[in-house]
Amino acid sequence: MTLKLYNTLSKKKEDFVPLQGKEVKMYACGPTVYSYPHIGNYRAYVFEDLLRRYLEYKGNKVTLVMNITDVDDKTIKASGGDKSKLTSITRRYEKAFKKGLSILNIKSADEYPRATETIDEMVELIETLLEKEYAYKTDDGSVYFSIEKYSKYGRDNLVQLDPKSMRAGERISEDEYDKEGIRDFVLWKAWKEEDGDIFWETSLGKGRPGWHIECSAMSMKYLGEELDIHCGGVDNIFPHHENEIAQSEAASGKKFVKQWMHCAHLIYEGEKMSKSLGNIILLEDLTKKYSPEAIRLALLSTHYRSQLDLTDKKLKEAEGNIQKITAFRQRMKRIRGKGRFDDVKLSATSSVNLSAGRSIKFQPDFEEALDDDLNISEALSALYRTMREANILSDENDIGKDEAVQYVHQLDEFDKMLGILPEKEAEIDESVYEKIKEREDARLAEDWALSDKIRDELFEMGYNLEDTPHGTIPKRKK
RNA sequence: GGCGACGUACCCAAAUGGCUAAGGGAAGGGUUUGCAAAACCCUCAUUCACCGGUUCGAAUCCGGUCGUCGCCUCCA
């Protein structure tokens with residue numbers, strides 16, 4: 001089965017074939033660490049995580065690089081031009097960002113290069129562009145990329161641009177720099193008074209890098225001049241990624257990125273999150289009410305190219321589904337579990353080997369769905385359908401432990417991509433089982449008062465009980 | 001003004017030319033249960049914003065209308 005991915009470059013789904021064998025070089029635009037990342041930021045990282053995990057599932061070795069933008073207009077402004085303050089601010093938010101990644105079970109990138117630690121590479125790249133005359137220096141010492149020189153700019157690329165139609169007037173008047181062309185973008189920003197002691201003394205002069213150049217420099221440093229996949233949020237398509245293509249390809253003469261992928265935005269309760277509306281939602285705002293797994297599932301369950309309206313209702317739904325899935329896994333495990341709960345009769349049909357027609361068949365459906373540009377809805381649908389099948393078998397006492405183990409195993413396989421099962425199931429204390437046994441005895445004696453009392457006790461301890469044909473199952477309350 | 005996306009049941013959300021329009025949630029009814037919980041079963045869009053057109057055949061293609069949204073400026 002071939003993986004098809006939508007390419008922003010061609011505006012079509014394309015078969016994904018890595019440039020080299022099974023090696024996938026992947027670059028994802030990371031955060032600018034000037035404040036706490038909000039839940040919308042994390043949507044993009046969750047999408048990239050799904051992509052990365054799926055590529056790995058398909059047998060690829062993925063090398064993922066994600067930049068940390070720790071110097072730019074916003075971070076400098078926040079630091080008031082104080083370099084040590086800049087560092088302390090950016091490190092704080094970088095830490096918060098990474099903590100969020102781990103909460104949401106997002107696998108770590110191989111590298112998280114910081115802009116401030118990649119200055120040499122950026123300068124080198126800008127020097128190359130100057131040599132090739134794709135860039136020019138202005139009187140104040142800044143360096144710009146010349147769109148006029150680079151004739152391929154904006155044509156047959158991510159966006160179709162007609163330079164004549166651009167609203168030039170407004171921009172020129174707003175721009176304090178001396179550019180030759182209205183669309184030229186800055187590679188190197190000469191030092192200004194407000195920058196304070198935040199500058200680098202380089203062959204280009206005293207100043208700091210522009211924003212776009214860092215991704216080109218970092219990706220080249222860690223992944224080479226040609227990447228398989230570059231992803232980010234849709235807002236990055238223009239101008240950021242368009243500019244990256246121009247400067248990278250102008251410098252290297254090679255095709256920069258084979259596959260561009262962009263994640264649509266998240267809005268919250270029907271509104272775009274913005275500071276002015278005061279509705280910026282941070283991950284920690286949600287973790288107070290919902291489990292990380294539910295948040296992750298909610299972010300995951302809308303296809304990445306559709307705008308996601310995150311609502312309280314949706315998060316509740318996700319929480320319910322997480323419960324459903326974990327309960328299912330427990331149920332299947334229980335069928336071969338310990339103690340008195342595992343003595344399920346092995347019927348003829350369910351014995352040992354999976355026979356034809358009784359095989360677990362969500363694997364092809366699931367994979368086929370994700371092969372189609374990560375169609376998560378279809379994939380989850382396959383998952384739910386299979387859970388129902390297995391639950392029916394279990395209800396009918398028509399499932400053997402070998403088969404149940406297969407279901408658990410299969411679920412775990414899919415969770416390698418979904419990442420929504422809790423890390424490990426918390427061990428349930430022996431005393432809980434003892435109380436359950438007491439209650440079982442009470443129930444056999446039809447002492448309902450005692451039975452209910454024990455149930456209440458366990459409820460207080462944090463467990464809900466389920467009486468099933470296979471015995472009573474304690475479920476940890478969320 | 002330019003570029004682009006979308007509009008499927010009460011809600012979320014797939015299916016992009018052809019069998020009965022997935023799946024999840026909510027709701028109602030039922031099986032099961034000492035009671036509960038969970039699980040399971042049934043019901044829930046003759047219809048895919050609206051109007052035309054192409055086609056043997058369209059939610060899916062084309063044109064128009066209305067509506068929602070994004071980008072064009074820092075932004076995942």
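In the text below, chain A, chain B and the rest are named by the order of the sequence lines, each starting its count at 1. Computed from a prediction, not measured in an experiment: that's the story for all the values here.
- Side-chain atoms of A:Asn236 lie closest to B:A76 of the nucleotides B:A39, B:A76, B:A13.
- For A:Arg455 against B:A36, a side-chain-to-base donor-acceptor contact under 3.5 Å is present.
- As a whole-Å value, the separation of A:Asp467 CG from B:U31 P is 19 Å.
- Heavy-atom nearest nucleotides on RNA chain B were determined for A:Tyr384 and for A:Thr32, and the one closer to the 5' end corresponds to A:Tyr384.
- Residues passing the ring pair (Phe, Tyr, Trp, His ring centres under 6.0 Å) test with A:Tyr36, sequence neighbours excluded: A:Tyr93.
- A:Asp73 comes within 4.0 angstrom of no nucleic acid atom, judged by non-hydrogen atoms across all strands.
- Distances shown here put a side-chain N or O of A:Lys324 below 4.0 Å from the OP1 or OP2 atom of B:G25.
- A:Ser216 and A:Gln247 share a side-chain donor-acceptor pair at under 3.5 Å.
- Remark: A:Lys98 qualifies as a cation-pi partner of A:Tyr112 under the 6.0 Å distance and 45° angle criteria applied to the six-membered ring.
- A:Ile399 has its CD1 atom 14 Å from the C1' atom of B:C40, to the nearest Å.
- Rounded to whole angstrom, the span from the CG atom of A:Asn375 across to the C1' atom of B:G24 amounts to 14 Å.
- Atom pair A:Leu380:CG and B:A22:P shows a separation of 17 Å (rounding to whole Å applied).
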Next item on the list: Kindly express the pairing pattern of RNA chain B in dot-bracket notation, using | wherever a base pairs with another strand and counting only Watson-Crick or G-U pairs under 3.5 Å.
Entry: (((((((..(((.....[....))).(((((.......))))).....(((((..]....))))))))))))....
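- Nucleotides B:A14 and B:G2 are separated by 33 Å at their C1' atoms, to the nearest Å.
- Comparing A:Ser301 and A:Arg385 by the nucleotide of RNA chain B whose heavy atom lies nearest to each, the residue mapping closer to the 5' end is A:Ser301.
- Remark: the A:Tyr27 side chain and the A:Asn67 side chain contain an N/O donor-acceptor pair separated by less than 3.5 Å.
- Listed nucleotides B:A76, B:C11, B:A39 differ in distance to A:Glu317; the shortest reach to its side chain belongs to B:C11.
- Rounded to whole angstrom, the span from the CG atom of A:Asp373 across to the P atom of B:A14 amounts to 12 Å.
- The C1' atoms of B:A9 and B:G24 are separated by 13 Å, rounded to the nearest whole Å.
- A:Ile237 comes within contact range of no nucleotide atom at all, as no heavy-atom separation falls under 4.0 Å.
- Between B:U32 and B:A58, the distance separating the two C1' atoms is 45 Å to the nearest Å.
- Taking atom NZ of residue A:Lys74 and atom C1' of nucleotide B:C74, one finds them 4 Å apart after rounding to whole Å.
- Distance check on atom P: B:C56 versus B:C3 gives 35 Å, rounded to whole Å.
- Of all nucleotides listed (B:A39, B:A76, B:C35), B:A76 comes nearest to the side chain of A:Asp235.
- At a threshold of 4.0 angstrom between heavy atoms, the contacts of A:His262 with the nucleic acid are absent.
- Defined by atom type and a distance below 3.5 Å, a donor-acceptor pair is present between the side-chain atoms of A:Thr75 and A:Asp72.
- Looking at heavy-atom distances under 4.0 Å, A:Arg388 makes contact with sugar-phosphate atoms alone, never a base.
- Taking atom C1' on both B:U8 and B:C41, the two are 26 Å apart, rounded to the nearest angstrom.
- In terms of heavy atoms, A:Ile198 sits closest to A:Ser79 at CD1-OG, 3.3 Å.
- Within the structure, every side-chain polar atom (N or O) of A:Asn391 is placed at least 4.0 Å from both OP1 and OP2 of B:A39.
- Of the C1' atoms belonging to B:G28 and B:G34, the separation is 26 Å, rounded to the nearest Å.
- Taking 4.0 angstrom as the limit, A:Lys11 places none of its side-chain polar atoms (N or O) nearer than this to OP1 or OP2 of B:C3.
- Checked against salt bridge (Lys or Arg N to Asp or Glu O under 4.0 Å), A:Lys13 has the following partners two or more places apart in sequence or in another chain: A:Asp372.
- B:C71 atom C1' lies 12 Å from atom CD of A:Gln307, rounded to whole Å.
- For A:Ser377, the listed nucleotide lying nearest its side chain is B:A14; candidates were B:C11, B:A14, B:G23.
- Contacts of A:Tyr45 with the nucleic acid, taken as non-hydrogen atoms under 4.0 Å apart, involve only primed sugar atoms and P, OP1 or OP2.
- Residue contacts for A:Gly320: at a heavy-atom cut-off of 4.0 Å it reaches no nucleic acid atom on any strand shown.
- At a cut-off of 3.5 Å, with distance as the only test, no side-chain donor of A:Arg443 or A:Ser451 sits close to an acceptor on the other residue.
- A side-chain donor from one of A:Glu440 and A:Thr472 sits under 3.5 Å from a side-chain acceptor of the other.
- Residue-level contact check: A:Gly40 touches the bases, meaning some heavy atom is under 4.0 Å from a base atom.
- Remark: the separation of the C1' atoms in B:C48 and B:A59 is 4 Å, to the nearest Å.
- Of the candidates B:A22, B:G34, B:C40, the closest approach to any side-chain atom of A:Ile392 belongs to B:C40.
- Residue A:Lys314 has its side chain nearest to B:A13 when only B:A13, B:A76, B:G23 are considered.
- The CG-C1' distance, from A:Leu297 to B:G24, rounds to 10 Å in whole Å.
- Comparing B:A15, B:G23, B:C11 by their closest approach to the side chain of A:Lys313 singles out B:C11.
- A:Ile267 comes within 4.0 angstrom of no nucleic acid atom, judged by non-hydrogen atoms across all strands.
- B:U33 and B:A21: their P atoms are spaced 36 Å apart (whole Å).
- If you check the side chains of A:His265 and A:Asp235, you find a donor sitting under 3.5 Å from an acceptor.
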